[in-house]
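Hydrogens, waters and symmetry mates are skipped; everything else that's a heavy atom, side chains included, is used. Sequence positions, counted from 1, serve as the residue numbers for this chain.
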Amino acid sequence: MKSAFRFLQLAALTVTIGLASPARAVTEIHWWHAMSGELGKQVEKLAADFNASQSKYRVVPSYKGNYTETVTAAIFAFRSRSQPAIVQVNEIATATMTAAKGAIYPVFELMQDEQEAFSPAAYLPAVTGYYADLAGNMLSFPFNASTPILYYNKALFRDAGLDPEVAPKTWPEVGEAAKRLRAAGAVCGFTTSWPSWINVENFSAFHNLPISTEANGFGGLDAVLTFNNPLLVRHIAQLAEWQTTKAFDYSGRAQAAEPRFQKGECGIFIGSSATRADIKANSKFEVGYGMLPYWPDVASAPQNTIIGGATLWVLRDRPRDEYKGVAKFFGFLSKPEVQASWHQNTGYLPVTRAAFELTRAQGFYERNPGTSISTEEITLKPPTENSRGVRLGSFVLIRDVIDDELEQAFSGKKSAQGALDSAVARGNKLLRQFERASPER
């Protein structure tokens, strides 16, 4: 009995010592993001899957509002030294992040320092081009990327005597289809979301036209906007003319146009590829898909579209252990099966070649028509200086200026030439302000 009692005493002492000397603490890595709703659930799943795959690190995702609210929160947190290790930033803020050299830890440097495999060649060129410097070094980690595609209502196409299995490929075809849709009783022929992103930025890339000098800003902070060219003027003038009969009907900024398509008001909608799942879930008709239209008399078109969405930036002044975990996390996100799952569950592009090939091998594109169009668009041709992307300072503000001037043209208050000239002049003032404030200057 004494020996048994002595054993119980020793066992209790062992447990006490164990509780007093816990195992090495797990390193937490805070990730601030702008994904809400279903997308937020997918972000939570990514973090949970990574956390379950190893025991040293724990990624903690936190929703901080929309893109602007998220990056603003990170900026204020950095000033108080309470910043996260990872922050999600939208694509048009890339120049602003790049200029903040003391605040960011370029991803290519991080992966080299932590000896984690990371090759830009593994990613789609249109993705790497947007987020790399002129030497091809990746500055941030590609995460959620999208590009505009064309959606159409097959039921309304049938009513208008249009072939429901064939999407219009060119702008003249879109215009003709829109007129027939209106004649058949549709409230509007076609509409678009994100006016500047689709009708200026991607329009220019798809026709291999520059937005500005200095390779759309990749070559330096002294870039000057030049998108008030004859082709874009013609395009905006044509949209304004179609607006008078509602063959084209302007629906507002950002995603304001999307519900009109879902309700069956507009027969054709041009919007983000990442809204495909939402459109399919909320539309009570069969949806058809097509590429972004182009003007057939432009010899260089179609070129390739550019991406929207966001990347993950790493912020400086966090403990070294956290950076080891960030590198491991980015390695996890790069896995083909992880990327393929994210692509298939969200509608965002598969940012790696391997994820695209795996998705195709799994039969996903065959089972889900239209899901491969976004990848086909951005890989249509190798990106040029004009179709690589946009790296301009204060472009969030410049995009608002462009939207404002497009509205003036669509409402008939300004000519297309006058609106684009004004957008260029106002945008260039913002560029010069950014240049003067930049530490690179």
(request) Using the side chain to side chain donor-acceptor pair (under 3.5 Å) rule, pick out the option among E201, R253, E405 that qualifies with S196. (result) E201

(message) Quick check on the 6.0 Å ring-centre criterion: do W32 and Y63 meet it?
(response) no

(message) Is there a side-chain contact between I307 and Y131 in this structure, where contact means two heavy atoms from C-beta onward sitting under 4.5 Å apart?
(response) yes

(message) Restricting to salt bridge (Lys or Arg N to Asp or Glu O under 4.0 Å), what partner residues turn up for E214, sequence neighbours left out?
(response) none

(message) Measuring centre to centre across the rings, with the benzene-like ring taken for any Trp, is F190 within less than 6.0 Å of F269?
(response) no

(request) Answer yes when K64 and E69 have at least one side-chain N-carboxylate O distance shorter than 4.0 Å, and no when they do not. (result) no

(message) Apply ring pair (Phe, Tyr, Trp, His ring centres under 6.0 Å) to residues F141 and W313 and explain how you reach the verdict.
(response) CA-CA 7 Å; F141 184 85; W313 290 79; over 10 Å; no

(message) Is a donor from one side chain sitting under 3.5 angstrom from an acceptor on the other, for Y105 and D113?
(response) yes

(message) Listing request: all ring-ring contact (aromatic ring centres under 6.0 Å, His included) pairs with a residue in residues 375-416, at least two apart in sequence or in separate chains.
(response) F248-F410, Y250-F410

(message) Once disulfide bond (SG atoms under 2.5 Å apart) is applied, what residue pairs with a partner in residues 27-134 remain, sequence neighbours excluded?
(response) none

(request) Return each pair, listed once, that meets disulfide bond (SG atoms under 2.5 Å apart) where at least one residue sits in residues 31-114; pairs must be two or more places apart or across chains. (result) none

(request) Ignoring hydrogens and angles, state whether a donor on the side chain of E258 or Q262 is under 3.5 Å from an acceptor on the partner side chain. (result) yes

(message) Between T128 (side chain only) and P125 (backbone N and O only), is there a donor and an acceptor less than 3.5 Å apart?
(response) yes

(request) Can you sort out the partners of E376 under salt bridge (Lys or Arg N to Asp or Glu O under 4.0 Å), two or more places apart, ordered by chain and number? (result) none

(request) Can you sort out the partners of D249 under salt bridge (Lys or Arg N to Asp or Glu O under 4.0 Å), two or more places apart, ordered by chain and number? (result) R260

